[in-house]
Amino acid sequence: MAPWKALPEHLDPQAGRLVDRLRRLKDATGLSFTALATRTSYSRSSWERYLNGRKLPPADAVTELAVLAGADPDRMLALHTLAAQTWTGPQPKDAATPGTSGAGPEPTEPEPEPDPGAAPEAAAPAPAPAEPDAPAAVPPALIGEPDVPAEPVRARPARRTLLAAGGALVVVAAVLAVVVTLVLPGRGSAGAGEEEHRRTATEEFAFKPDRTYDCDIHRFEGRLYAGHSDTQDALLQQISTTWEVVEAQCLLEHRGHRIGGIDGAYGPATERAVKRLQDKEGLVVDGIMGPHTWEALRR
């Protein structure tokens, strides 16, 4: 493939990082600009502007290219969010048009020359036919079963006997309540906290721009938690997007190291907050979350 043009000098490093990553994804697909327009919802001239750094691509365009190249869309969306915060050029206005390829030239800009080294366009594979829905399981019918004869009505016990039995049950219940209160203090709250950790640890994280998360700051077995992860040694750095990042951001904010938003993306603000914590605790100041930094954060 022909070498890419140099990026505009006014681009911020975060924006340049996004465009460079998109270029590598486009090279990985082996598609020309025309083929890329056929496979996505955006025109050839739009892709030419995005990949030359002249215009910030929409989030949907970033997602579509990531899927075509087999990359992680969440990581690409995290890069897009950081780039959008510092982008100094025009903002995206290209809208995806459902049902059309968008490969035709746009009236406001001449069609760019074809990509000299691009591989020939491959035909899109036909979608596999959907399998018919399996019929819902039908519970066995109960029609025709013989009626169960009702038990004969027994004579009611005397009123005095019922009162005595009820009084005995009340006394037993009161004794059990006292035993639980004196012998097992605090076990209920600890069990609830443990169950909460298990529940949140099994949820799958999916990064979404402009979404923020709440923090449930509490202590469990002497350690500080925020209700999103119980990790002690997860390695985090730019640009991680996981529940562990949400947990770290909550605890950093709780300790007074401001980030600006709990979004689950390990960006420059989170890295600066980690460095401030590391410097305060006498750790290596590298901005990377590791076992020693987690230990200091959960005290």
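Side-chain atoms are counted along with the backbone in the values below, which use heavy atoms only and exclude waters and symmetry mates. Values in this document were obtained by computation on a predicted structure and should not be read as measured data.
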Does the side chain of Tyr50 reach to within under 4.5 Å of the side chain of Lys26, using non-hydrogen atoms?
-> no
Show me the donor-acceptor pairs, under 3.5 Å and distance only, between side chains in residues 280-292 and residues at least two apart or in other chains.
from, atom 1, to, atom 2, distance (Å)
Glu281, OE1, Arg299, NH1, 3.1
Asp286, OD1, Gln278, NE2, 3.1
Asp286, OD1, Ile288, N, 3.1

Is there side-chain contact between Val67 and Pro73, with heavy atoms separated by less than 4.5 Å?
-> yes
Pairwise side-chain contact, Glu247 with Tyr225, heavy-atom cut-off 4.5 Å (strictly under) | yes
Return the orientation label for the Trp243 and Phe205 ring planes: parallel under 30°, perpendicular over 60°, tilted otherwise.
-> perpendicular
Can the ring centroids of Phe33 and Trp47 be said to lie less than 6.0 angstrom from one another?
-> no
Leu77 with Ile262, same ILVMFWY side-chain cluster at under 4.5 Å | yes
With the 4.5 Å side-chain cut-off for hydrophobic clustering, are Val62 and Ile239 part of the same group?
-> yes
Run the side-chain contact (heavy atoms from CB on, under 4.5 Å) check on Arg21 and Arg75 step by step: do they pass?
-> CA-CA 11 Å; Arg21 181 60 179 158; Arg75 293 179 64 87; over 6 Å; no
Between Asp20 and Gly16, is there a donor-acceptor pair closer than 3.5 Å when you use the side chain of the first and the backbone of the second?
-> no
Following the transitive rule for hydrophobic clusters with a side-chain heavy-atom cut-off under 4.5 Å over Ile, Leu, Val, Met, Phe, Trp and Tyr, establish whether Tyr266 and Leu252 coincide in one cluster.
-> yes
Test side-chain contact (heavy atoms from CB on, under 4.5 Å) on Leu236 and Thr293 and set out the steps.
-> CA-CA 10 Å; Leu236 306 178; Thr293 307; over 6 Å; no
Indicate yes or no: at least one non-hydrogen side-chain atom of Trp87 is less than 4.5 angstrom from one of Leu11.
-> yes
Do we see a donor-acceptor contact under 3.5 Å between the side chains of Glu64 and Ser41?
-> yes
From the list Asp60, Leu25, Thr40, side chain to side chain contact (heavy atoms under 4.5 Å, CB included) with Leu65 holds only for Leu25
Presence of salt bridge, Glu48 and Lys55, under 4.0 angstrom = no
Partners of Thr242 by side-chain hydrogen bond (donor to acceptor under 3.5 Å, both in side chains), sequence neighbours excluded?
-> Glu244
Under 3.5 Å, is there a donor-acceptor pair between the side chain of Arg23 and the main chain of Leu51?
-> yes
Flag, side chain of Asn52 to backbone of Arg54, donor-acceptor distance under 3.5 Å | no
May I ask you to say whether Asp279 pairs ionically with Lys275, meaning some side-chain N is under 4.0 Å from a carboxylate O?
-> no
Taking Trp294 for the side chain and Thr231 for the main chain, is one N or O donor matched with an acceptor at less than 3.5 Å?
-> no
Of all the heavy-atom pairs spanning His80 and Pro57, show the shortest one and how long it is.
-> NE2-O, 2.7 Å
Distance-only polar pair, side chains of Gln238 and Glu271, donor-acceptor under 3.5 Å | yes
Could you tell me whether the side chain of Asp233 reaches within less than 4.5 Å of the side chain of Glu295, counting heavy atoms only?
-> no
Closest non-hydrogen atom pair, Gly222 against Arg219 = O-NH1, 3.2 Å
Answer whether the closest heavy-atom distance between the side chains of Val245 and His228 falls below 4.5 Å.
-> no
Under a 4.5 Å side-chain heavy-atom rule over Ile, Leu, Val, Met, Phe, Trp and Tyr, are Leu7 and Trp4 clustered together?
-> yes
Pro58 side chain reached by Tyr42 side chain, heavy atoms, under 4.5 Å = yes
Between His257 and the options Leu251, Leu297, Leu277, Val274, the side chain to side chain contact (heavy atoms under 4.5 Å, CB included) test singles out Leu277
Do Leu224 and Tyr213 share a hydrophobic cluster (ILVMFWY, side-chain heavy atoms under 4.5 Å, transitive)?
-> no
Smallest heavy-atom separation, Ala206 atom then Asp74 atom, equals CA-OD2, 3.8 Å
Check: Leu18 and Leu56 side chains under 4.5 Å, non-hydrogen atoms = yes
Side-chain H-bond candidate by donor/acceptor type, Ser32 with Thr34, under 3.5 Å | no
Identify, with sequence neighbours excluded, every residue that meets side-chain hydrogen bond (donor to acceptor under 3.5 Å, both in side chains) alongside Arg258.
-> Glu253
